[in-house]
J.: 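A single structure is presented below for examination.
Sequential numbering from 1 along the given sequence is applied to the chain's residues.
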Amino acid sequence: MIGRADTTRKSAAFDDKKMDGQAHHGIVPTVCVTDLSALTEIERNVYDLVVRSYLAQFFEHAVFMQTRIEVSCVGERWTANGKTPVSAGWREVYAPHEDAPPQTAVDGETDDGKQTLPDMAQGDPAMCTACDTTSRSTKPSARFDEASLLTAMIDLHKFTTDPAAKARLKEGKGIGTSATRAGVIKDLRERGFLEIAKGTKNKLTSSASGRGLLNALPAPVKDPTMAGMFKIALDGVAGGQITYDQFVERNVAFITKVIAGLRTSSMNLPMAPAPACPKCAMGRLRRIAGNDGHFWGCSNFKADPKCSASYPDRDGAPDFTPKLKPKSKGFGFKKVGAM
Ligand SMILES: [Zn+2]
């Protein structure tokens with residue numbers, strides 16, 4: 001079998017581009033001849049695994065056929081998806097016997113979770129040998145809390161079926177960084193797009209305005225695939241396949257198209273009735289989670305001129321009762337000109 005190894009193949013193991021001078025570990029094969037009989041069984045097994053892993057990269061890719069079988073049985077249509085091995089490739093190195101087809105795990109499942117299906121042709125007869133019914137009920141998926149939502153942002157590849165985007169998102173650990181992900185969730189809560197689900201302590205749910213925004217946005221914008229495609233495009237810039245200007249141009253075109261679509265679409269954003277700001281009358285008061293509990297601040301806090309009105313929270317509503325002794329200069333309670 002070793003004779004069939006093609007030593008001219010250079011697998012990803014020989015690519016140190018991404019190491020970028022960083023410290024890393026590796027096993028370097030030597031030409032020393034080992035006395036295998038001197039090893040314990042465990043040592044021999046480890047040695048065997050290392051040898052096989054090293055050897056496998058000099059073999060061809062394993063080839064499978066994506067197979068879908070449809071069977072008609074007593075008037076019902078049954079389908080099975082799986083793969084049919086064509087050539088074992090590197091898997092041969094792990095197979096216990098030479099020229100044996102790749103071994104499958106229990107219940108005909110291969111190690112990637114797909115079942116192995118026999119080689120079949122259109123019209124082949126099939127015999128139904130056993131029939132079994134199982135009664136099960138479905139359960140809605142659990143609501144996110146902050147921790148599981150953070151994990152979902154890292155595991156964003158699980159939420160797209162596009163193979164390229166999936167691979168890139170997995171490699172890049174999803175969206176955001178450990179420094180920014182929590183901030184994204186905090187922003188969404190402060191802007192009222194996410195809220196604590198009723199009857200729970202910390203489970204999150206989208207608010208009516210959050211769902212309104214999602215419904216208004218075109219599909220690609222809210223599809224995690226987009227984040228993967230974006231990363232792939234940025235790789236293209238880094239690798240020199242497209243220029244920075246082309247990248248910006250492409251995105252400007254895309255964003256322009258999205259905005260043009262939004263302008264003419266009927267957007268329905270059911271905003272929670274936010275009280276008007278009594279100070280500037282233009283802004284709306286929003287409930288904000290502060291370090292010492294919630295308070296209400298004006299949405300014009302960054303506008304020009306800015307409004308820094310802020311009111312204490314009392315049972316989920318702004319408390320307009322004037323404080324007797326304003327702590328600082330008490331802006332927010334100061335009278336602005338003649339009204
Ligand atoms: Zn205001």
Side-chain angles (χ1 to χ4, degrees), residues 1 4 45 48-49 52-53 56 59-145 147-149 151-171 174 197-200 203-206 211 214-215 219-220 222-228:
M1 179 175 64
R4 288 207 293 281
N45 288 344
D48 185 69
L49 268 181
R52 283 178 201 275
S53 309
F59 277 67
E60 299 203 334
H61 291 302
V63 180
F64 296 91
M65 260 193 314
Q66 192 68 45
T67 310
R68 179 181 165 87
I69 299 178
E70 281 189 27
V71 177
S72 161
C73 180
V74 275
E76 299 283 347
R77 196 168 62 106
W78 306 84
T79 62
N81 289 302
K83 49 191 200 177
T84 310
V86 174
S87 74
W90 59 270
R91 286 174 175 266
E92 191 188 333
V93 180
Y94 289 92
H97 305 292
E98 274 198 40
D99 300 319
Q103 294 302 296
T104 55
V106 248
D107 295 339
E109 278 208 356
T110 56
D111 48 15
D112 60 0
K114 283 190 180 162
Q115 60 181 337
T116 308
L117 294 175
D119 202 355
M120 290 184 79
Q122 187 79 32
D124 276 355
M127 171 87 81
C128 176
T129 53
C131 206
D132 190 15
T133 58
T134 323
S135 172
R136 294 212 180 110
S137 52
T138 54
K139 229 177 22 180
S141 35
R143 282 196 189 284
F144 286 114
D145 56 20
S148 62
L149 193 52
T151 310
M153 288 164 88
I154 297 167
D155 292 340
L156 196 68
H157 63 273
K158 291 182 181 165
F159 301 88
T160 172
T161 51
D162 181 273
K166 202 182 235 327
R168 185 59 186 85
L169 286 172
K170 194 169 182 185
E171 183 196 329
K198 272 198 185 104
T200 74
K203 301 288 181 199
L204 296 167
T205 181
S206 57
R211 289 189 292 274
L214 277 177
N215 288 337
K222 51 194 174 186
D223 186 343
T225 309
M226 185 84 200

J.: Could you report the tightest heavy-atom contact between R91 and F64, atom names first, then the distance?
T.: NE-CZ, 3.4 Å
J.: So which atom in F59 and which in W90 form the shortest heavy-atom distance, rounded to 0.1 Å?
T.: CB-CA, 3.5 Å
J.: Is the shortest side-chain heavy-atom distance between T67 and M120 below 4.5 Å?
T.: no
J.: Take D119 and M65, measure what side-chain contact (heavy atoms from CB on, under 4.5 Å) needs, and give me the verdict at the end.
T.: CA-CA 9 Å; D119 202 355; M65 260 193 314; 3.8 Å; yes
J.: Could you check whether any side-chain N or O of R168 sits under 3.5 Å from a backbone N or O of G228, counting only pairs where one atom can act as donor and the other as acceptor?
T.: no
J.: Using only atom types and a distance under 3.5 Å, with no angle test, would you say the side chain of T225 pairs donor to acceptor with the backbone of D223?
T.: no
J.: Between K166 (side chain) and H157 (backbone), is there a donor-acceptor pair under 3.5 Å?
T.: yes
J.: Could you state the interatomic distance from CD (E76) to SG (C128), rounded to the nearest 0.5 Å?
T.: 11.5 Å
J.: Let me confirm one number: the CG-OH distance from D48 to Y94, rounded to the nearest 0.5 Å.
T.: 9.5 Å
J.: Look at atom NZ of K222 and say whether more than 12 heavy atoms of other residues, nucleotides or ligands are closer to it than 6.0 Å.
T.: yes
J.: Kindly compute the distance separating CE (M153) from CG (L169), expressed to the nearest 0.5 Å.
T.: 12.0 Å
J.: Minimum heavy-atom separation for A80 to Q115, with atom names?
T.: CB-NE2, 3.9 Å
J.: Can you check whether E70's main-chain N or O pairs, donor with acceptor, with T79's side chain at less than 3.5 Å?
T.: no
J.: Identify the two heavy atoms, one from A197 and one from T205, that lie closest to each other, and give their separation to 0.1 Å.
T.: CA-CG2, 3.5 Å
J.: Looking at CD1 of I154 and CG of L149, how far apart are the two atoms once the value is rounded to the nearest 0.5 Å?
T.: 10.5 Å
J.: Under 6.0 Å from the CD atom of E60, do we count more than 12 heavy atoms belonging to anything else shown?
T.: no
J.: Can D162 and T160 be counted as having a side-chain donor-acceptor contact under 3.5 angstrom?
T.: no
J.: To the nearest 0.5 Å, what is the distance between NZ on K170 and CG on D155?
T.: 9.0 Å
J.: What's the shortest heavy-atom distance between P224 and L156, and which atoms?
T.: CB-CG, 3.7 Å
J.: What distance do R68 atom CZ and L117 atom CG have between them, rounded to the nearest 0.5 Å?
T.: 11.0 Å
J.: Report yes if the side chains of D145 and R143 come closer than 4.5 Å at any heavy-atom pair, otherwise no.
T.: no
J.: Nearest heavy-atom pair of P118 and T84: which atoms, and what distance?
T.: O-OG1, 3.8 Å
